[in-house]
Amino acid sequence: MATYVTKANITAQNTFSDTIIFDGNFNLSISGTFANGTKVTAQRSIDGSTFHDVDVFTAVGEFVGYEPEPGMSYKFGVKTGEFGSGSDVTIRVGGAWRNPPIANT
């Protein structure tokens, strides 16, 4: 099983990381400047195309997630209307992933 890391610099609303399919534990690192209600949203998908919010972060920090079900897709970012003026957010996500990724259908 391989380790995968993706990084996204968020400087505008409606911007997300690449989609990644994890197996088990994964790390989420959020850094930068949060201003005026900026929120980073974690989204999960069963089919790789329809995403649902699973968590929201309102400050910098180091977090650990766990996905018990194989083939679930995740992406992390700032939704429309949730990016404050003066914000600059960096998201780094890493963990074991399926190679090649196989989404549930």
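Both backbone and side-chain heavy atoms feed into the values below; hydrogens, waters and symmetry mates do not.
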side-chain hydrogen bond (donor to acceptor under 3.5 Å, both in side chains) assessment of Asn36 paired with Ser85: CA-CA 7 Å; Asn36 302 323; Ser85 175; 4.9 Å; no

Check against side-chain contact (heavy atoms from CB on, under 4.5 Å), Thr41 and Val78: CA-CA 6 Å; Thr41 300; Val78 178; over 6 Å; no

side-chain hydrogen bond (donor to acceptor under 3.5 Å, both in side chains) evaluation trace for Glu67 with Tyr74: CA-CA 10 Å; Glu67 177 51 64; Tyr74 281 85; 2.5 Å; yes

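The closest side-chain donor-acceptor pair between Thr11 and Asp88, if any, does not fall under 3.5 angstrom.
Separation of atoms OG1 (Thr6) and CD1 (Ile20) is listed at 6.5 Å; rounding is to 0.5 Å. For the atom pair OG of Ser17 and NZ of Lys7, the computed distance is 13.0 Å after rounding to the nearest 0.5 Å.
Between Arg92 and Glu62 there is no salt bridge, since no side-chain N of the basic residue sits under 4.0 Å from a carboxylate O of the acidic one. For Asp53 and Lys79, the salt-bridge test passes: some basic side-chain N is under 4.0 Å from an acidic carboxylate O.
Pairing each heavy atom of Ile10 with each of Phe83, the nearest pair is O-CE1, 3.7 Å. Summarising the geometry of Thr19 relative to Ser73, their closest heavy-atom pair is CG2-CB, 3.6 Å, with the distance given to 0.1 Å. Counting all heavy atoms, side chain and backbone alike, Thr38 lies closest to Val89 at CG2-CG2, 4.1 Å. For the pair Thr50 and Ser45, the tightest heavy-atom approach, listed with the atom from each and the gap, is O-OG, 2.9 Å.
By the 4.5 Å heavy-atom criterion applied to side chains, Ile91 and Leu28 are counted as neighbours. Considering only heavy atoms from C-beta on, Ile46 comes within 4.5 Å of Met72 through its side chain. Contact annotation: the side chain of Phe16 approaches that of Gln43 to within less than 4.5 Å [non-hydrogen atoms, C-beta and beyond].
Ser87 places a side-chain N or O within 3.5 Å of a backbone atom of Ala35 that can act as its donor or acceptor partner.
Relative to the six-membered ring of Phe51, Lys75 meets both conditions, a distance below 6.0 Å and an angle of at most 45° to the axis.
A continuous path of hydrophobic side-chain contacts links Phe26 to Val60 [ILVMFWY only; heavy atoms under 4.5 Å]. Note on Phe76: it does not cluster hydrophobically with Val56, by side-chain heavy-atom contacts below 4.5 Å among ILVMFWY residues.
Phe63 has its ring centre less than 6.0 Å from the ring centre of Phe57.
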